[in-house]
Amino acid sequence: MKLVLKNALVFTGEGFEKNNIVIEDSKIAAIGNSVCTDGANRVFDCNNNYLIPGFVDVHVHLREPGFSYKETIKTGTMAAAASGYTDVCSMPNVNPVPDSLEGIKAQTDIIERDAVIKVHPFASITKGRRGEGELVDFKALSDIAVGFSDDGCGVQAEKDMKEAMKKCAAIGKIISAHCEVNELLKGGYIHDGEYARLHGHKGICSESEWAQIERDCRLAEETGCSYHACHISTKESVEIIRKAKKRGVKVTCETAPHYLTLCDMDMKDDGRFKMNPPLRSAEDRQALIEGIKDGTIDVIATDHAPHSKEEKSKGLKGSAMGIVGLETAFPVLYTKLVKTGAITLEKLINLMSVKPREIFSLGSGKIAVGETADLALIDINREFTVKADEFITLGRATPFEGWELCGKNIMTICKGEVVYEAI
């Protein structure tokens, strides 16, 4: 198939240039003001919208196999494609757990059959993804797994994490860690802050996150392992990672749109405000924004975690942890961070498209001749209201319900094929 995109504002890495793009045989074949349209199957006028490397979400729960009532690989990747994502990394909270070749194959078989974009599965760190006990055979899984994670559980014992890091360093694979000290949770389910105190809820202390990040940065320094901290939410986490980077530790990290745009005092007693880690204080939120500005935080991922309506209908105390995020990520961040002048559009694209590819070895993120055509076309002026009932994902729990946002994906191209186009 030969596709020609005309009049696009093409992302150069540092800015945008108006250009035309020819896509043929999954690759970018030509870029220029005048390109040959002979033999084109389709010529599409981009109408001065922004053509960028497709977004990459390195933290998505697709729930299949095992929990398809929450989400399926088909619905999750359709939601991702509609939002401008060409790649997602699926977390190991599935059944069977991807802790063996047989376990991960149960997932990759469905991916090959149903995914509309590229899905890169994580394998677990421990057998059964329990955060303790026997470690997986890292070498056996390394050709299939994008990395190793026990997401949903922190690896509790230092000796286990150190051994996992040694083995991953030896094979050149990354550990992507959910950081949580179980003994510090004490029955908490939201942030241990002002909202919890005012409304009589049990809080989760910030130390339950940052203490394990502090330990893991030290272990990564000792072992030389590439270490990625998942969904950081506290000011202490930002500072620990900032200092570790200055020491030369091979550490990267992500945060999520909800931690950058909400704090605990924005909550209501509704399951759509409950996630793990929880929404922290306004001070934590500002520290995360500063971490993005100075490069301490490398990636924005959604931690898209769909649940059934029933599982999210029991208020803050009783609802399952997790919210959906794929279909709101770019519009929320563009509206609340770019339009307000906190960061530039170029910075946001680097956080959502370029840097995650670099960290997880998923391509260059460049729009250049010879590169695979994984692209998204964004209309930054398109306005809409968030309505969860209109989502493609099976999940409906979003803290952004009713928000007036700006910026919509209008076309997604994955491996040279149009996988989504706005009506």
Side-chain angles (χ1 to χ4, degrees), residues 56-62 65-66 87-112 118-182 212-231 241 244 248-254 298-299 301 356-363:
V56 178
D57 196 334
V58 300
H59 197 131
V60 169
H61 298 272
L62 295 179
D87 297 74
V88 296
C89 298
S90 58
M91 305 312 289
N93 314 53
V94 290
N95 186 25
V97 174
D99 58 5
S100 65
L101 286 174
E102 182 182 16
I104 203 167
K105 187 177 185 299
Q107 187 179 164
T108 56
D109 284 349
I110 305 171
I111 290 168
E112 289 171 10
K118 290 177 277 186
V119 179
H120 313 277
F122 278 100
S124 62
I125 297 170
T126 62
K127 287 283 189 176
R129 195 189 55 82
R130 291 188 295 269
E132 57 189 3
E134 184 182 356
L135 300 177
V136 301
D137 185 338
F138 296 96
K139 188 174 182 180
L141 289 159
S142 62
D143 288 343
I144 302 174
V146 70
F148 294 87
S149 179
D150 267 7
D151 187 57
C153 301
V155 176
Q156 298 304 303
E158 180 171 323
K159 65 179 180 59
D160 290 341
M161 183 56 99
K162 186 171 185 178
E163 185 64 19
M165 285 189 177
K166 285 181 179 179
K167 293 189 174 184
C168 283
I171 59 175
K173 299 298 286 191
I174 194 167
I175 281 182
S176 190
H178 174 114
C179 296
E180 189 169 45
V181 181
N182 289 348
Q212 212 164 80
I213 290 177
E214 187 172 56
R215 177 202 73 181
D216 289 353
C217 285
R218 173 171 51 83
L219 294 177
E221 190 169 15
E222 293 173 9
T223 61
C225 180
S226 294
Y227 170 74
H228 183 79
C230 292
H231 45 47
I241 293 166
V249 181
K250 292 195 286 187
V251 56
T252 56
C253 66
E254 69 193 47
D298 306 271
V299 172
R357 293 180 192 278
E358 176 186 316
I359 294 168
F360 289 89
S361 302
L362 300 176

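The two residues V119 and L62 have their closest heavy-atom pair at CG1-CD1, 3.9 Å. Of all the heavy atoms in P356 and V58, the pair that sits closest is CB-CG1, 3.7 Å. Residue T223 comes nearest to K166 through the heavy atom pair CG2-CG, 3.9 Å, listed as atom of the first residue, atom of the second, then distance. Across every non-hydrogen atom of S176 and C230, the tightest pair is OG-SG, 3.3 Å. What you find for I241 and A229 is that their closest heavy atoms are CD1-CB, 4.2 Å. Residues I110 and P65 come closest through the heavy atom pair CD1-CB, 4.0 Å.
The line from CD1 of I104 to CG of D109 is 11.0 Å long, rounded to the nearest 0.5 Å. Atom-to-atom distance recorded for M91:CE and D150:CG is 9.5 Å, nearest 0.5 angstrom. One finds the OG atom of S226 at 9.5 Å from the CD1 atom of I359 (value rounded to the nearest 0.5 Å). Between M165 atom CE and E158 atom CD the span is 9.5 Å, to the nearest 0.5 Å. Of the inter-residue distances, the one linking H231 atom NE2 with H59 atom NE2 reads 4.5 Å to the nearest 0.5 angstrom. Atom CG of L101 is separated from atom CG of D137 by 7.5 Å, given to the nearest 0.5 angstrom.
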Step by step, work out the salt bridge (Lys or Arg N to Asp or Glu O under 4.0 Å) result for E163 and K159. CA-CA 6 Å; E163 185 64 19; K159 65 179 180 59; over 6 Å; no
Do F122 and D151 pass the side chain to side chain contact (heavy atoms under 4.5 Å, CB included) test, and can you show the C-alpha distance, the side-chain angles, and the key distance before you say yes or no? CA-CA 9 Å; F122 278 100; D151 187 57; over 6 Å; no
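Side-chain N or O atoms of K173 include one that pairs as donor or acceptor with a backbone N or O of A145 at under 3.5 Å. E221 places no side-chain N or O within 3.5 Å of a backbone atom of V249 that could act as its donor or acceptor partner. Between the side chain of E358 and the backbone N or O of G363, no donor-acceptor pair lies under 3.5 Å.
At a threshold of 4.5 Å between non-hydrogen side-chain atoms, the residues V146 and L362 count as touching. I174 places a side-chain heavy atom less than 4.5 Å from the side chain of F360. Side-chain atoms of Y227 and L219, non-hydrogen and from C-beta on, never get closer than 4.5 Å to each other. Side-chain atoms of R218 and E214, non-hydrogen and from C-beta on, never get closer than 4.5 Å to each other. At a threshold of 4.5 Å between non-hydrogen side-chain atoms, the residues I144 and K105 do not count as touching. In this structure the side chain of R129 never reaches within 4.5 angstrom of the side chain of H178, judged on heavy atoms. At a threshold of 4.5 Å between non-hydrogen side-chain atoms, the residues D57 and D87 do not count as touching. E254 places a side-chain heavy atom less than 4.5 Å from the side chain of H228.
Partner S90 forms a side chain to side chain donor-acceptor pair (under 3.5 Å) with one of H120, Q107, H61 and no other, that one being Q107.
Using modelled atom types and a 3.5 Å distance limit, the side chains of S124 and D99 yield no donor-acceptor pair.
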